[in-house]
Each structure stands twice: as structure tokens, then as C-alpha cells.
Amino acid sequence: MALLLSRCCAWNRRSRLASGALSACGLLNGCRDREMLAAGRPSAREAGATGARHRHALVKELYLHRRIYLNTTAYMKPDSLWRTPSRLMYTTRIKCCCNQVHSDKQYKNPYMLAQDDLKNLYDEIRRLLTVSSDLKDICDYYFDGKGKAFRPMIVILMGKACNLHHSKNRKLLKSQHSIGMIVEMIHTASLVHDDVIDGSDTRRGKITVNKIWGERKAILAGDFVLSTASVALARLGNNAVVSVFTQAIEDLVRGEFMQLGSKENENERFVHYLEKTFKKTASLIANSCKAVSILGNCDPDVQEIAYQYGRNIGIAFQLIDDVLDFTSCANQLGKPTATDLKLGLATGPVLFACQQFPELHALIMRRFSVDGDVDQAWQYVQQSDGVQQTCYLAHQYCQEAIRQISKLHCSPERDALIQLAEIVLTRNK
């Protein structure tokens with residue numbers, strides 16, 4: 001592993017001399033590289049080539065992260081969680097391109113900016129899902145208006161930022177507002193199915209649907225929410241947007257399948273983890289951001305900016321979620337801690353801890369199924385810098401998200417999306 005890292009670092013240094021460290025190494029450049037700019041779906045051969053490029057990019061991201069991390073003061077301070085508020089975004093040796101452009105006074109609160117557009121979101125969703133019998137009760141149970149609406153918020157802010165960049169008009173289109181509803185419905189449907197697969201008892205601090213109504217009704221309710229979202233999507237009448245969301249739903253399913261497996265090789269395991277993270281979490285955010293840019297008639301370059309912002313912020317969000325499984329108490333997170341370990345999942349903190357405690361490999365391969373495995377893995381993670389490295393990797397993804405969104409014209413929404421990157425890193429639930 002050390003030899004492989006050293007060889008990759010040497011390759012990275014040569015690339016940096018040729019055309020700059022971040023651009024040459026393709027740091028966080030995205031896994032599709034404009035594959036969805038055309039409305040049609042790629043052929044099997046094109047999809048295979050794209051997948052290979054994606055995996056190659058993930059390998060480079062991982063090795064570049066490792067090289068940069070080992071040269072920071074955080075590595076010398078294992079107790080630091082790299083989650084100090086406010087200044088977190090600018091503590092590495094890589095200068096963020098936004099440092100010289102933005103100040104704290106220019107930042108806008110993303111929740112406040114999107115508040116007016118979000119206030120009736122759940123009421124509108126419940127109207128779409130109006131049916132009789134138990135199905136309505138289940139739908140109302142999840143869409144109770146108490147969710148964070150994280151994804152719709154990003155969609156609304158991105159739509160307005162792209163509109164201003166393209167036409168100097170910040171007004172959100174009705175079709176763009178619909179994307180906020182659609183993304184929340186698809187996300188919630190995936191949570192219902194996840195809870196059935198995982199046998200979860202709680203979600204968002206509440207008892208799960210599958211525990212109250214049973215697994216069969218929970219699955220049917222998730223299917224119903226997804227089908228309703230599909231109908232709303234079709235009503236938009238935009239084939240490119242339909243294609244984008246079709247890809248996002250496919251990624252959700254593929255990501256769930258990936259989570260059921262694991263890799264023996266350590267390097268493949270990291271790439272598998274990052275790709276699964278993209279498919280299960282970031283793809284829906286990335287593609288919904290791209291959808292609102294398409295509906296705003298933005299050019300392909302702006303669509304790519306929107307996609308890349310969503311991709312990077314989505315991966316960072318999930319990385320921090322994996323960290324919180326080791327650092328947050330159950331009442332903050334809304335679910336029991338060490339949940340991932342109990343499900344047999346090796347997330348970022350565990351995979352990074354393997355570099356210091358090779359004994360974890362055996363536990364990972366048997367998915368922590370032997371009595372005492374979960375506690376042992378927990379102890380290894382606590383004694384390692386796995387949490388710190390995962391936080392740092394999330395920090396790198398957030399910096400790339402900021403770099404991408406800063407290409408748009410200045411607006412309150414653009415600055416709010418920049419601020420959101422810091423919120424993602426410092427959240428505790």
C-alpha cells in the first residue's frame with residue numbers, strides 16, 4: 001500500500017508540474033464528465049468507458065487526498081476533528097479560489113433565502129399524494145413538514161443562481177419549483193425502502209414506517225411516492241430533465257446493490273465506497289441541480305457547473321454523515337450511533353482506520369458479523385485518525401463545490417450555496 005501510494009504521489013507530482021496540481025489530477029472533477037449533456041442515454045460501450053474513467057478519477061482523488069492530508073498540521077494532531085466552525089474552509093495549504101472574492105458579510109443564510117419557496121413544499125407534496133386508506137396516513141407521516149428539506153433548498157438556490165447568471169432574473173420558474181418537490185419525493189421513497197432493507201427502527205427521530213405499518217405496506221408506499229414523483233416529472237414535458245432523473249433513480253438502485261457487497265482489495269474498497277456514496281446520495285443532488293439549470297435554458301457549461309456543485313456537496317454531505325455515526329449521540333442524529341457497523345458497512349472512518357490497524361480487514365470482510373466485531377471496530381476507529389481523514393476528505397469535496405459555484409455571477413443565492421458548503425462540514429445532525 002505504501003509503495004502504491006508513493007508511486008501515485010510521484011505520478012501526481014509530474015502531472016502538477018505539467019498543468020497544475022488540482023486540474024492535472026482531476027481532483028473531484030465528477031464521474032460523468034458531461035456524459036449527460038445530450039438528452040439520449042449512452043450506449044453500453046460508452047457507459048463502460050465512462051465507468052472506467054469514473055473509477056480512475058476516484059483513485060486519483062483518494063491518493064491526492066492522502067498526499068495533501070499527510071502534509072497538514074491536522075495529521076500531527078489526532079484529536080482534531082477538522083470541524084472547527086467558520087474558518088474550516090480555509091485552513092489547508094491549498095487556497096480556495098473564493099478567499100479573495102468573498103467575505104463573511106457577503107455570505108447569505110441558505111435556509112432564510114429559500115424559506116419563502118419552501119414554506120408550502122410539504123403541503124403541495126401531500127396534495128399530490130392525496131389518496132384514501134392507510135396509504136395516505138403513511139405518506140402524511142413522512143411528509144409532515146419537519147424534515148430539513150436539504151435537497152429542495154439546494155435546488156431552489158441553484159435555480160435562482162442559474163437564472164440570474166443566464167438571464168439576469170432571479171425569479172424561480174414554476175417548473176424549477178416542481179423539481180424541489182420531485183427530488184424530495186424520490187429521496188423520501190428511497191429512505192422508506194432503505195429502512196425496510198436495513199430493518200431500521202427509527203428515522204429522523206421517529207419510528208419507521210416499516211415498524212408501524214409493516215414491511216409490505218412500507219414498500220408499496222415507497223413505490224407509490226416514487227410513481228407520483230415520476231408523474232410530476234413527466235408533466236414538465238422536458239425530455240432532457242426526464243433523462244437526468246432517470247439516471248439519478250438508476251444510480252440509487254445501483255448504489256443500494258453496491259452497499260450489499262464489499263471488495264477484498266484495499267484500494268478497490270475505497271473506490272467502491274466513494275462510488276457507492278456518489279450513487280446513493282450525491283447523484284440525486286447533482287442531477288436535480290442540473291435539471292433546474294436545464295429548465296432555466298442555461299448553456300451546457302452552466303449545467304455542468306450545477307451538476308458538479310451538487311455532486312461534490314452531496315459526497316461531502318454523506319462523508320460527514322458517516323463521521324456522525326461515530327461522533328454524534330443518538331438524540332442528535334435521530335438514529336442510534338454505530339448503525340453502519342451494525343449493518344456490516346465499512347464507511348470512510350473505518351476504511352481510513354485500516355491503514356493504521358490492518359486487523360480491521362478481517363472484520364470488514366465478514367461484515368462485522370461475529371460477536372464483538374462492532375465494538376472492536378469502534379475502538380480501532382476511535383484510536384485512529386479515520387474520523388479526521390474522512391472530515392478532511394469531505395473538506396476537499398466542499399472546496400471543489402465552492403470552486404465550481406463561484407464561476408456563476410455574483411448573487412445572494414450563489415453566496416448562500418458557498419455558505420452551505422461550510423454548514424455541511426460543521427453540522428452535528
With sequence neighbours excluded, tell me which residues meet side-chain contact (heavy atoms from CB on, under 4.5 Å) with Leu173. Asn163, Ser175, Gln176
Steps toward side-chain contact (heavy atoms from CB on, under 4.5 Å) verdict (Val209, Asp195): CA-CA 8 Å; Val209 164; Asp195 288 340; over 6 Å; no
For the pair Ser384 (side chain) and Val381 (backbone), establish whether a donor and an acceptor sit closer than 3.5 Å, ignoring hydrogens and angles. yes
Which heavy atom of His361 sits nearest a heavy atom of Cys354, and at what distance? CE1-CB, 3.8 Å
Ser406 versus Ile402, closest heavy-atom pair with distance: OG-O, 2.7 Å
Parallel, tilted or perpendicular: which describes the rings of Tyr141 and Trp213, with under 30° parallel and over 60° perpendicular? perpendicular
If you take all heavy atoms of Leu121 and Met181, which pair is closest and at what distance? CD1-CG, 3.4 Å
Under a 3.5 Å distance rule, please check whether Ser328 uses its side chain to pair with a backbone N or O of Asp325 as donor and acceptor. no
Going by an N to O cut-off under 4.0 Å, is there a salt bridge joining Arg126 and Asp123? yes
Tell me whether Thr208 contacts the main-chain N or O of Ser200 through its side chain, where contact means a donor paired with an acceptor under 3.5 Å. yes
My understanding is that only residues two or more places apart in sequence, or in another chain, count here; which of them pass side-chain hydrogen bond (donor to acceptor under 3.5 Å, both in side chains) with Asp322? Tyr273, Gln318
Would you say the side-chain atoms of Ser243 pair up with the backbone N or O of Asn239, donor to acceptor, closer than 3.5 Å? no
Donor-acceptor contacts under 3.5 Å from residues 225-235 side chains, at least two apart:
residue	atom	partner	partner atom	Å
Ser227	OG	Asp223	O	3.3
Ser227	OG	Phe224	O	2.7
Thr228	OG1	Phe224	O	2.9
Ser230	OG	Leu226	O	3.0

Partners meeting side-chain contact (heavy atoms from CB on, under 4.5 Å) with Ala346 (sequence neighbours left out): Val350, Leu351, Ile364, Phe368
Tell me whether Leu260 at atom CG has more than 12 heavy atoms from other residues, nucleotides or ligands lying less than 6.0 Å away. yes
Met258 and Lys279: which non-hydrogen atoms are nearest, and at how many Å? SD-CD, 3.7 Å
Geometric cation-pi criterion Arg151 and Phe317, 6.0 Å radius, 45° cone: yes
Please check if the side chain of Gln356 supplies one atom and the backbone of Asp385 the other of a donor-acceptor pair under 3.5 Å. yes
Ignoring hydrogens and geometry, is there a side-chain-to-backbone donor-acceptor pair from Glu256 to Asp194 under 3.5 Å? no
All heavy atoms of Val196 vs all of Ala218, minimum pair found to be CG2-CB, 3.8 Å
Closest approach of Ala306 and Met158, non-hydrogen atoms and distance? CB-SD, 3.8 Å
So Leu128 and Met185, do their side chains get closer than 4.5 Å, heavy atoms only? yes
Sorted by first residue and then second, give each salt bridge (Lys or Arg N to Asp or Glu O under 4.0 Å) pair with at least one member in residues 353-370; sequence neighbours left out. Arg366-Asp373
side-chain hydrogen bond (donor to acceptor under 3.5 Å, both in side chains) filter on Asn120, not counting sequence neighbours, yields none
Pair Glu400, Gln404: side-chain N/O donor-acceptor within cut-off below 3.5 Å: yes
